[in-house]
Amino acid sequence: RLGLLQTTKRLLQTTKQQPASEEPGADDEVPAVVMAISHYIAFLVVAGFFALVAKFYLNRKRHPAVSFDPRAEEALSTFRYGPFDCLSRMDISVWACCCPAIRLADNVSTI
């Protein structure tokens, strides 16, 4: 099986071997179309990969219990966590570093 890049190169070589048309600029359009199609396919592959990663994340996410604390205003006036407490939950740290868009979407959906 050939990769996407090898297939694109083969298509470009095939179009160069064809006899030149009499219309000016016709040779320039074929490689541009082939490249556009290959970029579109690559985009779909990457988007599909990120969709699978996001689905995996949402399936494994633990939802915290929601409780109302009347002293919430007081709790927000003091620091509860230290500067490096973000490393206490390595799963969240890795997701935030490697997939910030998925982590941001999760934060927004929790609000």
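The structure places OG of Ser93 at 9.5 Å from CZ of Arg103, a figure rounded to the nearest 0.5 Å.
Hydrophobic clustering keeps Ile102 apart from Ile92 (ILVMFWY residues linked when any side-chain heavy atoms are closer than 4.5 Å, directly or through intermediates). Hydrophobic clustering (side-chain heavy atoms under 4.5 Å, transitive across Ile, Leu, Val, Met, Phe, Trp, Tyr) keeps Phe49 apart from Tyr40. The hydrophobic cluster containing Val33 also contains Ile41, counting ILVMFWY residues as joined when their side-chain heavy atoms lie under 4.5 angstrom apart, directly or transitively.
In plain terms, the two heavy atoms of Cys99 and Val53 that are nearest each other are SG-CG1, 4.0 Å.
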